[in-house]
Amino acid sequence: MRIIVGADEAGVDYKDRILADLEADDRITEVIDIGVNRADADFTRPYPYVGIAAGEMIRDGKADRAILFCGTGIGVAIAANKVPGIRATAAHDSFSVERSILSNDCQVLTMGQRVVGVELARRLAKEWVGYAFDPSSASAEKVKVLSDFEGC
Ligand SMILES: O=C(CO)[C@H](O)COP(=O)(O)O
């Protein structure tokens with residue numbers, strides 16, 4: 001699995017922590033850091049740019065999934081969802097993280113650094129990359145309604 005990590009200024013600490021976890025995870029073949037990073041000239045880049053960039057990379061086949069952070073997780077989720085074909089959600093509990101894959105085939109998980117503790121965020125990220133959507137499941141036809149609506 002090739003996975004993007006990204007954040008705005010309000011989520012950068014968690015992004016860097018999850019980046020380190022993913023780089024040590026045998027299930028992950030590539031971790032792609034799209035920033036922000038403290039050394040960046042545009043460290044204060046607003047969250048929509050991060051979410052849209054991640055969504056576009058997945059749309060273009062450059063990555064399989066993304067884990068994104070902002071203050072709440074909401075802004076980067078909204079932004080990623082603006083890219084046709086992308087299903088992104090904020091989730092801060094284990095059940096929602098599971099269902100975001102098994103029910104919704106989300107390519108993007110988002111969390112809020114101002115919402116959830118770092119150890120829970122790390123655990124949820126680890127759980128999330130372990131789930132795979134079953135295209136033969138009853139959920140698949142529901143996801144297909146979304147894809148058909150968007151034409152992708
Ligand atoms: O959480 C955010 C957007 O959902 C972002 O990190 C902060 O946004 P702001 O409250 O508009 O500064």
Side-chain angles (χ1 to χ4, degrees), residues 1-25 27-28 30-131 133 139 142-143 145-147 149-152:
M1 182 187 297
R2 301 163 302 159
I3 190 159
I4 294 164
V5 292
D8 71 357
E9 183 182 10
V12 68
D13 295 337
Y14 280 25
K15 185 265 291 177
D16 287 343
R17 192 66 189 86
I18 270 65
L19 168 65
D21 286 345
L22 293 172
E23 285 181 335
D25 190 326
R27 299 170 299 178
I28 307 302
E30 186 181 4
V31 186
I32 305 163
D33 182 3
I34 61 166
V36 299
N37 286 294
R38 293 184 187 284
D40 291 348
D42 61 344
F43 177 61
T44 58
R45 185 186 329 156
Y47 65 83
Y49 296 108
V50 177
I52 291 169
E56 288 180 329
M57 288 180 70
I58 293 168
R59 177 199 63 193
D60 296 344
K62 295 175 181 165
D64 304 303
R65 292 192 192 179
I67 301 180
L68 307 177
F69 297 91
C70 62
T72 61
I74 297 170
V76 280
I78 291 171
N81 276 315
K82 296 298 180 191
V83 179
I86 296 302
R87 293 173 297 279
T89 188
H92 297 106
D93 69 276
S94 187
F95 184 67
S96 298
V97 161
E98 177 193 279
R99 296 321 306 178
S100 75
I101 296 294
L102 300 187
S103 292
N104 310 115
D105 195 16
C106 284
Q107 309 100 326
V108 183
L109 172 67
T110 73
M111 288 186 265
Q113 186 171 309
R114 296 171 178 161
V115 177
V116 67
V118 67
E119 294 305 325
L120 180 55
R122 293 177 67 200
R123 179 175 296 205
L124 293 175
K126 186 176 177 184
E127 290 177 3
W128 190 67
V129 299
Y131 293 115
F133 183 65
S139 295
K142 302 169 196 173
V143 174
V145 176
L146 298 170
S147 304
F149 178 76
E150 290 189 305
C152 54

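Every number for a ligand or one of its atoms is a count from 1 in the order of the listing.
Between Gly71 and ligand 1, at least one pair of N/O atoms sits closer than 3.5 Å. Taking distance alone, with nitrogen or oxygen atoms compared against 3.5 Å, Asp8 approaches ligand 1 more closely than that limit.
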| task | Show your reasoning for whether side-chain contact (heavy atoms from CB on, under 4.5 Å) applies to Ser139 and Phe133. | result | CA-CA 9 Å; Ser139 295; Phe133 183 65; 4.2 Å; yes
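The ligand atoms of ligand 1 that sit less than 4.0 angstrom from a heavy atom of Gly75 are 3 (C), 4 (O).
Of the protein's non-hydrogen atoms, Tyr47 CE2, 4.0 Å is the one closest to atom 8 (O) of ligand 1. Protein heavy atom closest to atom 12 (O) of ligand 1, with residue, atom name and distance, is Arg114 NH1, 5.0 Å.
Under a 3.5 Å cut-off, the side chain of Asp93 and the backbone N or O of Phe95 do form a donor-acceptor pair. Side-chain atoms of Asp8 come within 3.5 Å of backbone N or O of Ala10 as a donor-acceptor pair. Judged purely by atom type and a 3.5 angstrom limit, Asp64 has no side-chain atom pairing as donor or acceptor with the backbone of Ile3.
Between Arg87 and Asp105 there is a salt bridge, since at least one side-chain N of the basic residue sits less than 4.0 Å from a carboxylate O of the acidic one. Ion pairing of Arg17 with Asp13 is absent here, as no side-chain N (NZ or NE/NH1/NH2) approaches a carboxylate O to less than 4.0 Å.
Of the protein's heavy atoms, none falls inside 4.0 Å of atom 10 (O) of ligand 1. Within the 4.0 angstrom cut-off, atom 6 (O) of ligand 1 has one or more protein heavy-atom neighbours.
Proximity of Ala10 to ligand 1, defined as any heavy-atom pair under 4.0 Å, is confined to the side chain (atoms from C-beta onward). By the criterion of a heavy-atom distance under 4.0 Å, both the backbone and the side chain of Thr72 are placed next to ligand 1.
Within the 4.5 Å cutoff, no side-chain heavy atoms of Asp42 are placed close to those of Val36.
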